Amino acid sequence: MIMIHMVHLRNDLRQIIRDPIMLILMVVPLLIIGIFKMLLIFAPPFLLTRYGIDVSPYYIYIIVFTLLMMPGMLGIVTGFMMLDDKDGNIAELMSVTPLGRSGYLINRLSLSAFLSIGYSLMAYCVLDVIRVPFFSLLLLTFLLAMYSAIIGLLLFGGADDKVKGLTFAKALNILALFAFTDLLSLRWLTVVSWFFPSYWVTAIIKNPDSLPSLFAAIFCFTFWLGALVIRYWRKGI
């Protein structure tokens, strides 16, 4: 079974390389890390000396934005691949193989999930602007992997084909905005944000030792992913 998954993952990589849009979405996260690293090196001293603006209090939101962008883009790649499979009836064929529907779903979601973990750790180490305890960092990377799966399933469930998927993918960016609601100091908006996974990425980074935040984050991510998986099973491929 493991060999079957490995073969499919290799085929997935070939499919991504052949599609310019998906290839760009896979590479852009690496460019984002490099761009933000350069900005963090040169922009803060310039703004402080030239305009007297200290941006260090906002480093947390810079790393949050970077961390959310990567699984977001990888999740879109997953959604596009699943839409391709649906259009080509590949998904139906896969459902009658030894993998089955559950194996197909795990195979599709695992690529973006593993890459999200790697990209997240890379961003944390390269940007090097915050310190998060090891356990909280490990949990955060797994939650971001779940976030990529959530985005992929949302795209797959909300679009009928890749053309509509491009439009729907732009709308999914709204989910990331809930990570920054604390900046507005609106209590009601913060409470609304509790129901969205992106908010808890900020909460964990700001308070990595807070057990209530950690458990709330796990519950929120698990609820979203579980609800989307159930929807996938009920809707069918």
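Quantities reported herein were computed from a predicted structural model and do not represent experimental measurements.
- In this structure, L109 and T78 have side chains that are in contact, with non-hydrogen atoms separated by less than 4.5 Å.
- Counting heavy atoms from C-beta outward, T202 and F178 have side chains that stay 4.5 Å or more apart.
- Here the straight-line distance linking atom SG of C220 with atom CG of L225 works out to 11.5 Å at 0.5 Å rounding.
- The distance from the CE atom of M69 to the CD1 atom of I33 is 11.5 Å, given to the nearest 0.5 Å.
- Within the structure, ring pair (Phe, Tyr, Trp, His ring centres under 6.0 Å) pairs that include any residue of residues 124-147 do not occur (at least two apart or interchain).
- The closest side-chain heavy-atom distance from L105 to V229 is below 4.5 Å.
- Annotation: ring-ring contact (aromatic ring centres under 6.0 Å, His included) contacts of F180 (sequence neighbours excluded): none.
- Listed by first then second residue, pairs satisfying salt bridge (charged side-chain N to carboxylate O under 4.0 Å, His left out) with a partner in residues 118-133 read D128-R131, not counting sequence neighbours.
- For L139, the side-chain contact (heavy atoms from CB on, under 4.5 Å) test picks out L143, L214, I218, with sequence neighbours left out.
- Residues that satisfy the side-chain contact (heavy atoms from CB on, under 4.5 Å) test with P29, not counting sequence neighbours, are M70, M73, Y119.
- Considering CG of L177 and OH of Y199, their distance stands at 15.0 Å, rounded to 0.5 Å.
- Note: the hydrophobic cluster containing F219 does not contain L138 (ILVMFWY, side chain heavy atoms under 4.5 Å, direct or indirect links).
- Ring geometry for Y61 versus Y58: interplanar angle of 30 to 60°, hence tilted.
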*Start with the C-alpha gap between W200 and W194, add the side-chain angles, then the distance that decides, and say whether side chain to side chain contact (heavy atoms under 4.5 Å, CB included) holds.*
CA-CA 7 Å; W200 296 106; W194 290 350; 4.0 Å; yes

Distance-only donor-acceptor hits, side chain of residues 35-49, under 3.5 Å, sequence neighbours excluded:
residue	atom	partner	partner atom	Å
K37	NZ	V126	O	2.9
T49	OG1	P45	O	2.8
T49	OG1	F46	O	3.3

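- Minimum heavy-atom separation, G75 to I151: C-CG2, 3.9 Å.
- In this structure, CZ in R108 is found 10.0 Å from OH in Y232, a value given to the nearest 0.5 Å.
- With rounding to the nearest 0.5 Å, the separation of OG in S112 from CZ in F114 is 10.0 Å.
- In this structure, D209 has no salt bridge (charged side-chain N to carboxylate O under 4.0 Å, His left out) partners at least two apart in sequence or on a different chain.
- Nearest heavy atoms, L74 versus S116: CD1-OG, 3.4 Å.
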Side-chain donor-acceptor distances from residues 182-191 under 3.5 Å, at least two apart:
residue	atom	partner	partner atom	Å
D182	OD2	K206	NZ	3.4
T190	OG1	L186	O	3.1

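- Applying the salt bridge (charged side-chain N to carboxylate O under 4.0 Å, His left out) test to every pair with at least one member in residues 42-51, sequence neighbours left out, gives no pairs at all.
- Here the closest non-hydrogen pair linking I204 and S136 is CG2-O, 4.3 Å.
- When side chains are defined from C-beta on, L175 counts as touching W224, because their heavy atoms get closer than 4.5 Å.
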*Between R231 and L153, does a side chain to side chain contact (heavy atoms under 4.5 Å, CB included) hold up when you go through it step by step?*
CA-CA 9 Å; R231 183 176 183 271; L153 288 172; over 6 Å; no

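- A113 meets the side-chain contact (heavy atoms from CB on, under 4.5 Å) test with A145, S148; sequence neighbours excluded.
- Contact check for L140 versus L67: side-chain heavy atoms found under the 4.5 Å cut-off.
- With sequence neighbours left out, the side-chain contact (heavy atoms from CB on, under 4.5 Å) criterion links I230 to R234.
- Applying the salt bridge (charged side-chain N to carboxylate O under 4.0 Å, His left out) rule to pairs touching residues 56-71 yields nothing, sequence neighbours excluded.
- Minimum interatomic distance between L155 and I76 (heavy atoms only, all atoms of both residues): CD2-O, 3.5 Å.
- Across all non-hydrogen atoms, the minimal contact from V132 to P208 is CG1-CB, 4.0 Å.
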*Can you list the steps and then say if L68 with V201 is a side chain to side chain contact (heavy atoms under 4.5 Å, CB included)?*
CA-CA 8 Å; L68 286 173; V201 175; 3.9 Å; yes

